[in-house]
**Student:** 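If you scroll down you'll find the structure; I have some questions about it.
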Amino acid sequence: MTRRKLHVARVPATRGGAWGGSRRGKGGVSPFTFPRQGLASLEPAPPVVARGASAGGEGRVMTDAPQPDARKTDVAILIVDDDSRNLFAVRETLEDLGAQLVLAKSGEEALKHLLRQDFALILLDVHMPGMDGYETAEMIRKREKSRHIPIIFLTAINKDEVHIFRGYATGAVDYMFKPVDPHVLKSKVSVFVDLYRKTEEIRRESEARQRLLDENERVRREKLHAEQALRRSEERQALVLRQLPIVLYTADLTPGLPFRYVSDNVEAVLGHPAGCFIGNSAFWEERLHPDDRSRVLAQLAGIRDAGLSTLEYRWICPDGTERHLLDQTVVVRDETGAPCELSGTILDVTETRQAQQQLAHSQKMEMVGQLTGGIAHDFNNMLMVVIGSLERLAPALADDAKTARRAEMALQAALRCSDMTRRLLTFARRQQLHPEPVDLDALAGGMAELMERTLGRDIEIVIEAPAEPLWTATVDRSQAESALLNLVINARDAMPDGGHLRIHTANTRFSEATTAHGMSIPAGDYVLLAVSDSGCGMPPEVLERAFEPFFTTKETGKGTGLGLSMIHGFVKQSGGLIGIDSTPGAGTTFRLYLPRAVETGRAVGDSDADAPEQAAGRGETVLVVDDDSDVRAVAVQAVTAFGYRVLEADGGASALAVLDGGAVDLLFTDIVMPGGMNGRELAREGLRRHPGLRVLFASGYANGSTVEPDADLGTAETLAKPYRDADLARALRRVLDLSVIPPPEDGGENARPSRSGEPD
């Protein structure tokens, strides 16, 4: 090589070869040239192996000398090179600059140093194992505190324009080639060192000057504020007291604790003028809530010894309403330390307490919803076994009429249980809804005959026409009908001696977000469906628990307590709101606000029902996947009976093995499965491997609620457990004939492979 004519400093051979390193791609030539004089001074010190490194050199972390103390110099330079000899050469070259030289053997070690201190310059080797110089520079530039530090790249092999451009693109200020002339390197580094020192000096002077200006400004401002405060203190105090929702007061320590002073805003907070409190020492005590009076007076009796008191009590306002007040009082002492009076504040916390109660109720309802949803999911799996087994039994009992009737009774009972689980899922907001444009006025009119039969002759029902053309609501029609019927039944039970029932629809617009009964809706257009009765009404304690599942005031055997909870879940899942007005003895009004439909071009009442179709199998292969062995066995028997070739698996991993082992036309899988891979993830991976695969989901939740939906599987159909044989047969045929899911566009096998550490 032509480089040998340069004067190169040599050191005794080490495991890596001559100074400059014999590591891959770097050659054996030193990256620095030095004059012949003084070469002996460049002999590197014996390397020090960091504690924990192996003596054999593998994984060894070496430094040429202990790192300089950051307190000894005002400027630091970070030198990064995986070759100890290069670190030694650079350190010797820059030693007399008076800067702290911090050495790092890798990009990772350099980043650790940058977390601990600031540097004037970074000398960065390009080619390093693991994280190379470009990657290290990118990490440095991404960090806000280090992005300003200049970087000079040093390289022995990456000399083409592509690498030079990449170096400058990553934020380098210079790109130097090895071997590097020490004088050139020292000159360049000294420029950055001097620039850093001058910058720091200017910064310190600027900060000192700014501190002086700030101090002068502070003194001047404080003087001005003191003068203004002296002139306006009384005015400001009065204004603040009028605006604050807090009543300030002082009181004597004599028996009864009569008020001496009450702020003027007491009437806005407590409903009575200040004169009522000062003129009558018993006025405040008389208007305490009876349930709180004894507790409050007992606590105030010991305030002399306690020195302070914090009370929360209910206050009766002039209109009879109750307000929650937070009363904080301290004992004021005179110069001798003897207590002389009380000073305190009264804060109205009614809205805060109401918000806390609503939050607690919402959290309780959410927890109950999660519990009931989980129970319904497990119950559906058990019902799947019962219903499927009974349907398998029916053909075998055709000759035994008595036994066949018993089996049919058991099947109908299981189906009624299935209906109850659907109600539980609706309350838990885990029932799959099929929203469509619905005219609520037409829906109520169409149910008039059914409601009349339900109510009986003693109750008069009136369906009021809307005052203006009614907007179309976006709801699940069947769920809306079920909710209306439940409200009618509740109204009937509230009027055992007869009465009047009124159903009213109207357009409603909320100008701001509204919250009620654990629901929140944004501002917008909604369609009101209101049901009012003249029945017994509900007291506050019953109204508070109206939507709890299984809570009912009816006699045992006359109600499940799921009607209102189902309505609550349906309305919340639909994006609506519920309002209730109820007075004991005066009746109840339920108001359901349902979202307005965006598009109403389709005629309400159009049928989506498919034409009858042949449900039998045609020899296709179906893979049944379910972690529950009993449910899987029932599904396998049913699919086999339809004329399909059936394979089965108990989880995602075994299902993929079956898919890879032979041709499968349709994957019929449960959604919620333990073991790390749920049904949607299984379908996604199966489609990636076999793009022509059809998918049919089954779930104890109607929509697999514990699994996030996947846009790539949006066309897949979900069959809710427990399903009937006919439902399963139609779903299988429909998916095989119509549903083709495109493979997910995740790059898969065409993704560009990651860089494998080729030389830079």
**Student:** Side chains of R287 and L270, heavy atoms from C-beta outward: is any pair under 4.5 Å?
**Tutor:**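 Not in contact.
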**Student:** Could you state the interatomic distance from CD1 (I521) to CD (E512), rounded to the nearest 0.5 Å?
**Tutor:**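 Reported value, rounded in 0.5 Å steps: 11.0 Å.
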**Student:** With a 4.5 Å limit on heavy-atom distance, are the side chains of I461 and I459 in contact?
**Tutor:**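 I461 vs I459: side chains apart.
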**Student:** Below 4.0 angstrom, N of the basic side chain to O of the carboxylate: do D214 and R211 qualify?
**Tutor:**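 No salt bridge links D214 with R211.
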**Student:** Check this for me, if you would: do R353 and E312 make a salt bridge, where the nitrogen-to-carboxylate-oxygen distance has to be below 4.0 angstrom?
**Tutor:**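 Salt bridge flag = yes for E312 with R353.
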**Student:** Check the surroundings of atom CD in E217: do more than 12 heavy atoms from other residues, nucleotides or ligands lie under 6.0 Å from it?
**Tutor:**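 Yes, enclosed.
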**Student:** Could you go step by step and tell me if F259 and F283 meet the ring-ring contact (aromatic ring centres under 6.0 Å, His included) rule?
**Tutor:** CA-CA 10 Å; F259 287 92; F283 182 80; 9.3 Å; no
**Student:** Is the shortest side-chain heavy-atom distance between L308 and I303 below 4.5 Å?
**Tutor:**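 The answer is no, as the side chains (C-beta and beyond) never meet within the 4.5 Å cut-off.
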**Student:** Check N507 against W471 and note the closest heavy-atom contact, atom names and distance.
**Tutor:**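 Shortest heavy-atom contact: OD1-N, 2.8 Å.
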**Student:** Taking atom CD1 of I578 and atom CD1 of I580, what is their separation to the nearest 0.5 Å?
**Tutor:**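 Rounded to the nearest 0.5 Å, the CD1-CD1 separation comes to 6.5 Å.
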**Student:** Work out which heavy atom in T472 is nearest to a heavy atom in V438; give both atom names and the distance.
**Tutor:**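 Where T472 meets V438 most closely, the heavy atoms are CG2-N, 3.2 Å.
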**Student:** If I compare all heavy atoms of V266 with all of P273, which pair ends up nearest, and what's the gap?
**Tutor:**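 Here V266 and P273 meet closest at CG1-C, 4.0 Å.
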**Student:** Are more than 12 heavy atoms from other residues, nucleotides or ligands located less than 6.0 Å from atom CD of E322?
**Tutor:**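 Above 12, so yes.
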**Student:** Does R295 qualify as a cation-pi partner of Y313, given the criterion of NZ or CZ under 6.0 Å from the six-membered ring centre and within 45 degrees of its axis?
**Tutor:**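 Judged by the rule, R295 and Y313 form no cation-pi pair.
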**Student:** Quick one: pull up OG1 in T505 and CG in D441 and give me the separation to the nearest 0.5 Å.
**Tutor:**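 That separation rounds to 4.0 Å.
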**Student:** Tell me the salt bridge (Lys or Arg N to Asp or Glu O under 4.0 Å) pairs involving residues 525-534, sequence neighbours left out?
**Tutor:**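 Non-adjacent pairs meeting salt bridge (Lys or Arg N to Asp or Glu O under 4.0 Å): R509-D525, D525-R596.
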**Student:** Can you check whether D348 reaches L326 side chain to side chain, under 4.5 Å on heavy atoms?
**Tutor:**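 Result no, sub-4.5 Å side-chain heavy-atom pair not found.
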**Student:** Please identify which of these residues, L443, D476, V475, meets the side-chain contact (heavy atoms from CB on, under 4.5 Å) condition with E481.
**Tutor:**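 With E481 as partner, L443, D476, V475 yield a single side-chain contact (heavy atoms from CB on, under 4.5 Å), made by L443.
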**Student:** How close do H324 and T350 get, heavy atom to heavy atom, and via which atoms?
**Tutor:**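 Nearest pair, atom of H324 first, then T350: N-OG1, 2.8 Å.
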**Student:** By the ring-ring contact (aromatic ring centres under 6.0 Å, His included) test, which pairs, at least two apart or in different chains, include something from residues 334-359?
**Tutor:**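 Residue pairs passing ring-ring contact (aromatic ring centres under 6.0 Å, His included), neighbours aside: none found.
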**Student:** Could you please spell out the steps behind the side-chain contact (heavy atoms from CB on, under 4.5 Å) verdict for I278 and Y249?
**Tutor:** CA-CA 10 Å; I278 298 176; Y249 68 87; over 6 Å; no
**Student:** With a 4.5 Å heavy-atom cut-off, do I246 and I346 have their side chains touching?
**Tutor:**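 Of all side-chain heavy-atom pairs linking I346 with I246, none is under 4.5 Å.
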**Student:** Output yes when a side-chain donor or acceptor of R293 lies under 3.5 Å from a complementary backbone atom of E286, and no otherwise.
**Tutor:**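 Checked: pair present.
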**Student:** Stepwise, does the side chain to side chain donor-acceptor pair (under 3.5 Å) test hold for T329 with D327?
**Tutor:** CA-CA 7 Å; T329 309; D327 192 334; 3.2 Å; yes
**Student:** Would you give the length of the straight line joining atom OG1 of T345 to atom CG of L248, rounded to the nearest 0.5 angstrom?
**Tutor:**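 Separation between the atoms: 7.0 Å.
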**Student:** Test side-chain contact (heavy atoms from CB on, under 4.5 Å) on V332 and L342 and set out the steps.
**Tutor:** CA-CA 6 Å; V332 180; L342 297 178; over 6 Å; no
**Student:** Can you tell me how far the CE atom of M447 sits from the CD1 atom of I463, to the nearest 0.5 Å?
**Tutor:**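 Those atoms lie 9.0 Å apart.
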**Student:** Does the side chain of C340 reach to within under 4.5 Å of the side chain of R333, using non-hydrogen atoms?
**Tutor:**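 The answer is no, as the side chains (C-beta and beyond) never meet within the 4.5 Å cut-off.
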**Student:** Just do the side-chain contact (heavy atoms from CB on, under 4.5 Å) check on M451 and I503 with the steps written out, would you?
**Tutor:** CA-CA 11 Å; M451 290 187 289; I503 299 176; 3.6 Å; yes
**Student:** Working to the nearest 0.5 Å, report the span between CG of N490 and OG1 of T588.
**Tutor:**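 Answer rounded to 0.5 Å: 9.5 Å.
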**Student:** Which heavy atom of H500 sits nearest to which heavy atom of S534, and what is that distance?
**Tutor:**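 Result for this residue pair: N-OG, 2.9 Å.
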**Student:** Is the shortest heavy-atom distance from the side chain of V488 to the side chain of L501 under 4.5 Å?
**Tutor:**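 Heavy-atom side-chain distance check passes, below 4.5 Å.
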**Student:** Keeping the roles fixed (side chain from R502, backbone from V462), state whether a donor-acceptor pair exists under 3.5 Å.
**Tutor:**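 Not confirmed, R502 side chain does not pair with V462 backbone.
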**Student:** Show the numbers, then the answer: is there a side-chain contact (heavy atoms from CB on, under 4.5 Å) between K223 and R220?
**Tutor:** CA-CA 5 Å; K223 182 179 179 181; R220 188 191 67 80; 5.9 Å; no
**Student:** I'd like to check the side-chain contact (heavy atoms from CB on, under 4.5 Å) partners of T250; sequence neighbours left out, ordered by chain and number.
**Tutor:**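 If we apply the side-chain contact (heavy atoms from CB on, under 4.5 Å) test to T250, skipping adjacent residues, the hits are R260, Y261, E341, S343.
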**Student:** Taking all non-hydrogen atoms of both residues into account, name the closest pair between V331 and P339 and its distance.
**Tutor:**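 V331 and P339 have their closest heavy atoms at CG1-CB, 3.4 Å.
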**Student:** Just so I know, are the side chains of Y526 and L577 near enough to count as touching, which here means a heavy-atom distance under 4.5 Å?
**Tutor:**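 Of all side-chain heavy-atom pairs linking L577 with Y526, none is under 4.5 Å.
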